[in-house]
Amino acid sequence: MSPASTARTPPRSGGTPPPVTVRPGDPRYDDLALRRRNERFTQRPAYFQLARTTDQVVAAVNETVRSGRPISVRSGGHSMENSVGEHPDGVVIDMAGMNAVYYDPEVRAFAVESGATLGEVFRLLYLNWGVTIPGGWCHSVCVGGHIQGGGYGALSRSLGSVVDYLHAVEVVVVDDTGSARAVVATRDPEDPHHDLWWAHTGGGGGNFGVVTRYWLRSPGAEGDDPATLLPKPPASLLSGAIMWSWADLPRDAFRRLMHNHAAWHEANSGPDSPGRTLHSTLMITCRGEQDTPTDVLVFAMLDGSRPDARALMDGYLDRLAEGVGGIRQVGEPAPWLHAVIPHDVDADSQRGSEYARYKGKAGYLRRGYTDRQIDVLYDHLTEPRPHLEIGRLWLVSYGGKVNAVAPEATALAQRDSILKAVYTATWTDPAHDAENLDWLRRFYRDVYADTGGVPVPGEVSDGTYINYPDTDLADPRWNTSGVPWHYLYYKDNYPRLQRVKSRWDPLHVFRHSLSIRPAEPGGNA
C-alpha cells in the first residue's frame, strides 16, 4: 500500500482545531522569537503559526498565502543563516509540535514528523525497535531540515547519507491558484510525485513546501518486521583521541599532521574500505593567549564490537602521530545510545553555546589540502584575534558508503568526497560582528584563492553543503570564481531541482536568499 493512503497524523483527541496563532503581545511570542540557534539574527515575524497536524499546516499555509505575507518554515531553528528571520513582515510556521516517531505498518516504514529532534529519533528507534538512521550528532537538530538537506552523522561512512533511507515524504505544497494541499511522494520511480521525493533527498529546506513527515526504510528491505527495515547501530562505540597544543605544532609539524590526516582518509574512504567504520573529527581551534593541550584535537569513534576495533583505532592514531607525536587517549567501548545522547541534555540546548553569535562556512574535500592551503590555514589560525572568542576549523570524516550512490540518484550531488571542512567563528558582543565576520570571510577566501575564493568542484574541492548555508557564496565580493552559488551546492542537479520547483511551487511561495529558483521558460537556469 502506498503512503498516500496512509498520509495521516496519529490520532489526537479534540478533533482538528486550527493552528495556534501567536502575535506580538502574546507572552509566548518572545519565547518563540528566541527559539533560534544564532543570536546574530532576529526572528520577529508578524506572527507565528504553530501546527500539530498536517491539516493545521495546510490551514496555516492557506491563510498565509491569502494574506500575501511571506512564509518561513522552522523545525529546529538551527539554520546558520537568516532563512527563518529574513522576512520580518512574514509568518513563521513552527513545526516543533509535530514530533511523533512511530512505525507505520501499512507503509512498512518508520514515520517521523518534521519537528522531531534527532535525539528523540535515535532514542525511540533504538529502544523500541533496535534500529537507527545515520543522522547527525547534534541531538537538538530537528529532522525537518536535516533530512531534506542531505543529513549525515557519525554512522554515515558505514551506512550512507540519511537521504539514502528516505522512502517517502509528505509535503504541503501550493498550486498555481494559491491553494495548499498535502502531497505524499515516494521513492518508487513509477510514482507520479517521484520528482518531489527526489528533491527532498538533498535539495535543502524551505524550497518546495512544508515537510510534515518522512517515512524511513532501507532500500530493498523486505518483510514487515520493523526491526529489519532500518539498519542496526553498533552495539557499542570505541572512542579515541589524540591532541596537541600549538606549542607542539610549528608550521612544519602542522603541515605534516594535515598530510597524515588527509592520507589516511584518502586511503580509507571508499564504499568498501574496512576503515569506513571509523568516524573522526579534527578540530583545530584558533591560537589564544595561552596554548592548551587541546588546541588541536582529533576525536574518533568506531564500532566497538568489532574484534579488530582496538587495532583499527590504534592504526588510525598511529598514522596521525607519525612525525608529530601527540597525547593519546583510548577508552573502553560504551553502549551505543549512551555514547550518542549527551549526558547533559542542556549541553546542546536550542539557543546554542556560551558564545551565541555565529558564522559558519564549509566545503567538501575530495583529497587533502594543498601545501599552499595548509600554510593559509596555519597563518589564519595562529594570528591574534582579540575579539573572537572561538574560531575553528573542523575536518569531519565523510565518504565511505555515502560514495556508493550515484550523484544523480539523489539531489545530494557530492558522492566522492572524503571530508567536510567547516569554518566557524563564535562571539558574544554585537559590536564585534563586522570584525569577526571579516576575519572568517578572509580566511575562507584565502583558503580557496586559487578558485575565486570558494570551493569550486575540482581535484581538491567539491563544492559545499546546503545544510551549512552561506549567503556569501552569492555575493560577488566574496565569490569571484564566476561559478554560481547553486552549482557549489547542487552541481549538475540544479536544473532538475528548478524543474521540480516550477512544478510544485509555481508561485514561488517558499523562498529565501539561497532557495531554489524556478526554471525559466524553456527549462533554463
Side-chain angles (χ1 to χ4, degrees), residues 239-265 279-301 313-314 316-331 347 353-355 357-363 365 367-397 418-429 432 435-449 460:
S239 299
I242 187 167
M243 61 200 80
W244 302 263
S245 74
W246 277 116
D248 301 323
L249 292 174
R251 185 181 299 272
D252 288 348
F254 180 77
R255 187 182 293 165
R256 177 70 181 271
L257 171 61
M258 297 298 287
H259 284 309
N260 291 349
H261 180 262
W264 188 92
H265 284 86
H279 170 88
S280 78
T281 300
L282 168 54
M283 184 173 68
I284 308 172
T285 303
C286 286
R287 195 166 196 167
E289 294 181 0
Q290 294 183 334
D291 295 334
T292 71
T294 58
D295 288 335
V296 180
L297 168 68
V298 175
F299 179 77
M301 62 183 67
M313 178 66 72
D314 286 340
Y316 176 62
L317 299 179
D318 287 344
R319 184 69 180 91
L320 297 182
E322 287 180 11
V324 291
I327 301 170
R328 182 184 309 206
Q329 296 175 354
V330 178
S353 64
E354 177 184 357
Y355 307 114
R357 305 182 75 79
Y358 176 87
K359 173 68 177 178
K361 305 172 83 67
L365 286 169
R367 50 163 290 180
Y369 290 113
T370 66
D371 282 343
R372 186 202 67 80
Q373 289 179 308
I374 293 172
D375 284 342
V376 169
L377 298 177
Y378 188 86
D379 290 339
H380 281 273
L381 291 166
T382 57
E383 73 176 20
R385 292 152 320 282
H387 298 131
L388 180 67
E389 277 86 353
I390 301 177
R392 282 188 176 132
L393 168 66
W394 307 69
L395 291 175
V396 187
S397 294
I418 63 171
L419 291 161
K420 292 199 186 196
V422 188
Y423 309 77
T424 65
T426 51
W427 63 97
T428 53
D429 190 340
H432 301 146
E435 173 189 356
N436 292 329
L437 288 169
D438 181 67
W439 172 80
L440 189 64
R441 285 165 171 161
R442 287 187 296 103
F443 181 15
Y444 189 79
R445 177 200 64 193
D446 293 350
V447 170
Y448 300 108
V460 173

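Numbering of residues begins at 1 and proceeds along the displayed sequence.
One finds a salt bridge joining Arg251 and Asp379 here, because a Lys/Arg side-chain nitrogen approaches an Asp/Glu carboxylate oxygen to under 4.0 Å. With respect to Asp291 and Arg287, a salt bridge is recorded, a charged nitrogen being found less than 4.0 Å from a carboxylate O.
Proximity of Thr285 to Thr294: side-chain heavy atoms (C-beta onward) are nowhere separated by under 4.5 Å. Side-chain contact between Phe443 and Cys286 is absent, with no heavy-atom pair separated by less than 4.5 Å. No side-chain heavy atom of Asn436 sits under 4.5 Å from any side-chain heavy atom of Arg357. Two residues are said to be in side-chain contact when any heavy atoms from C-beta on lie closer than 4.5 Å; Lys420 and Trp394 fail this criterion. Side-chain contact between His259 and Asp371 is present, with heavy atoms from C-beta onward closer than 4.5 Å.
Counting all heavy atoms, side chain and backbone alike, Tyr316 lies closest to Ser280 at OH-OG, 2.6 Å. Between Arg255 and Ile374 the shortest heavy-atom distance is CA-CG2, 3.8 Å. The two atoms that bring Ala421 and Leu395 nearest to each other are CB-CD2, 3.6 Å, heavy atoms only. In this structure, Thr428 and Glu389 approach most closely via the heavy-atom pair OG1-OE2, 2.9 Å. Annotation for Ala262 and Gly368: closest pair CB-CA, 3.4 Å, computed over non-hydrogen atoms. Annotation for Thr426 and Leu388: closest pair O-CD1, 3.6 Å, computed over non-hydrogen atoms.
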Stepwise side chain to side chain contact (heavy atoms under 4.5 Å, CB included) test for Leu419 and His261 = CA-CA 10 Å; Leu419 291 161; His261 180 262; 3.7 Å; yes

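Here CG of Leu440 is found 12.5 Å from CD of Glu435. Values are rounded to the nearest 0.5 Å. Phe299 contributes atom CZ, which lies 10.0 Å from atom CE of Met283 (distance to the nearest 0.5 angstrom). Within the model, atoms OH of Tyr448 and OH of Tyr423 stand 2.5 Å from one another, a figure rounded to the nearest 0.5 Å.
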Considering only distance and modelled atom types, tabulate donor-acceptor pairs under 3.5 Å from the side chains of residues 322-329, sequence neighbours left out.
residue : atom : partner : partner atom : Å
Glu322  : OE1  : Arg319  : NH1          : 3.0
Arg328  : NH1  : Asp318  : OD1          : 2.8
Arg328  : NH2  : Asp318  : OD1          : 2.8

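The backbone N or O of Ala247 lies less than 3.5 Å from a partner atom in the side chain of Ser245, making a donor-acceptor pair. In terms of modelled atom types and a separation under 3.5 Å, the side chain of Asp295 and the main chain of Thr292 share a donor-acceptor contact. Listed for the Gln373 side chain is a donor-acceptor partner under 3.5 Å among the backbone atoms of Thr370. Formation of a donor-acceptor pair under 3.5 Å by the Ser397 side chain with backbone atoms of His279 is not found in this model.
Just one of Leu257, Asp248, Leu381 meets the side chain to side chain contact (heavy atoms under 4.5 Å, CB included) condition when paired with Val296; it is Leu257. Looking at Trp246, Tyr369, Trp244 one by one, the single match for ring pair (Phe, Tyr, Trp, His ring centres under 6.0 Å) with Phe254 turns out to be Trp246.
Partners of Arg441 under the side-chain contact (heavy atoms from CB on, under 4.5 Å) rule, at least two apart in sequence or in another chain, are Lys361, Leu437, Asp472, Trp478.
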